[in-house]
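A short worksheet on the structure shown next.
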Amino acid sequence: MSLPIIRVHWLNESRAFRVLWLLDHLKLDYEIIPYKRNDAHRAPEELKKIHPLGRSPLVEIEDKETGKKKILAESGFIFQYILQHFDNSKLLSNDNSDMAENIQYYLHYVEGSLQPPLMIEFILSMAKSAPIPFPISYLTGKITDKISEKYSKGELKNQLDFVEGEILKNKGFLVDGKLSGADILMSFPLQMAFLRNFAKQEQYPNIKEWLERLTSLESYTTAKEKASSYGGKF
């Protein structure tokens, strides 16, 4: 039975890169259908023709024999589907049921627990840097600092401390001391935490080394080259 056609509806400057990386690591053939953000830095309306929410990543699975198509949305679900249906050699999965459940946990954790405080910190940083005249800018800064201190900054530290400890316990990876789909999916928000100075690398040496280990993979380089050719920025 032949594998279906896999198409990635890919948006530049988005988290869709992780899907390319996953597919390349599994050595699966796939097509990239590129989209570019508009002047307001939003996804174009064309994506809504693929899925009503108009967000990326979206993965299209087409059966070669019947022509039947399936659209996958949400990064965690996309990873879950691809690992379940295409990782037959368990390259990024795990034969141990407990370890397999741990991988599944992270596919939900990344958007459910890790991403929210990161997003709030990002929105607050955008508000602080907005071209607002004084004294409104002063008040904006005070309010955003208060929100950060009361919720998102402390919650983000809680999440990063947790991940730091998990990587230490699992010998440099998130699950069972070896690379899994969870590592690839989790990489983006943790890269952003460092890049946007929401956390210092010296505070989280295990996360830092883990990211260096991941970004040295051949599959990362291959996916990065493909994304760059379509306007991806790194």
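Throughout, residue positions are numbered sequentially from 1 according to the sequence presented. Because only heavy atoms are used, hydrogens play no part in the values below, and waters and symmetry mates are left out as well, while side chains stay in. Just so it is clear, the structure is predicted and the values come from calculations on it, not from any experiment.
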Stepwise, does the side chain to side chain contact (heavy atoms under 4.5 Å, CB included) test hold for F79 with I184?
-> CA-CA 9 Å; F79 267 62; I184 293 176; 3.8 Å; yes
Flag yes if more than 12 heavy atoms outside [X] fall under 6.0 Å of its [atom1] atom; otherwise flag no.
X: D29; atom1: CG; value: no
X: E218; atom1: CD; value: no
X: K64; atom1: NZ; value: yes
X: R196; atom1: CZ; value: yes

Can you check side chain to side chain contact (heavy atoms under 4.5 Å, CB included) on L58 and Y35, steps first, answer last?
-> CA-CA 11 Å; L58 295 172; Y35 301 81; over 6 Å; no
Decide if the gap between the ring center of F17 and the ring center of Y220 is smaller than 6.0 angstrom.
-> yes
Compute the centroid of each ring, for Y109 and then for F162, and state whether the two points are separated by less than 6.0 Å.
-> yes
Considering only heavy atoms from C-beta outward, does the side chain of [X] approach that of [Y] to under 4.5 Å?
X: V8; Y: L20; answer: yes
X: L217; Y: L179; answer: yes
X: F77; Y: L107; answer: no
X: R55; Y: R15; answer: yes
X: S75; Y: P57; answer: yes
X: S56; Y: L47; answer: yes
X: L22; Y: L83; answer: yes
X: V163; Y: L174; answer: yes

Any Lys/Arg nitrogen of D24 or K226 sitting under 4.0 Å from an Asp/Glu carboxylate oxygen of the other?
-> yes
K169/E166 ion pair, N-O < 4.0 Å = yes
For a quick test of reading the model, state the closest non-hydrogen atom pair linking [X] to [Y] and the distance between them.
X: E62; Y: P4; value: O-CB, 3.2 Å
X: K36; Y: L11; value: C-CD1, 3.9 Å
X: Y204; Y: A199; value: CE1-CB, 4.0 Å
X: S93; Y: K178; value: O-CE, 4.3 Å
X: L28; Y: Y30; value: O-CD2, 3.3 Å
X: G177; Y: K171; value: CA-CB, 4.2 Å

Can you check whether [Y]'s main-chain N or O pairs, donor with acceptor, with [X]'s side chain at less than 3.5 Å?
X: D161; Y: N158; value: no
X: R18; Y: L185; value: yes
X: N38; Y: A40; value: yes
X: R213; Y: G172; value: yes
X: D183; Y: F173; value: no
X: N12; Y: R37; value: yes
X: N94; Y: M99; value: no

Give, for atom [atom1] of [X] and atom [atom2] of [Y], the distance between the pair rounded to the nearest 0.5 Å.
X: L118; Y: S113; atom1: CG; atom2: OG; value: 11.5 Å
X: L168; Y: E209; atom1: CG; atom2: CD; value: 10.0 Å
X: D98; Y: D176; atom1: CG; atom2: CG; value: 10.0 Å
X: L91; Y: S219; atom1: CG; atom2: OG; value: 8.5 Å
X: L214; Y: L190; atom1: CG; atom2: CG; value: 9.5 Å
X: I167; Y: K208; atom1: CD1; atom2: NZ; value: 12.5 Å

Should [X] and [Y] be regarded as members of a common hydrophobic cluster, given that ILVMFWY residues are connected when their side-chain heavy atoms come within less than 4.5 Å of each other, either directly or indirectly?
X: Y230; Y: I6; answer: yes
X: I33; Y: I78; answer: no
X: I71; Y: F86; answer: no

Give the C-alpha distance, both sets of side-chain angles, the deciding distance and a yes or no for side chain to side chain contact (heavy atoms under 4.5 Å, CB included) between Q80 and H108.
-> CA-CA 10 Å; Q80 178 180 312; H108 295 274; 4.0 Å; yes
With sequence neighbours excluded, tell me which residues meet side chain to side chain contact (heavy atoms under 4.5 Å, CB included) with K70.
-> I61, L72, Y81
Evaluate the criterion side chain to side chain contact (heavy atoms under 4.5 Å, CB included) for residue pair V110 and F188; output intermediate values, then yes/no.
-> CA-CA 10 Å; V110 63; F188 180 85; over 6 Å; no
Paired with I207, the side chain to side chain contact (heavy atoms under 4.5 Å, CB included) test is passed by just one of M186, Q191, Q201, E164, namely E164
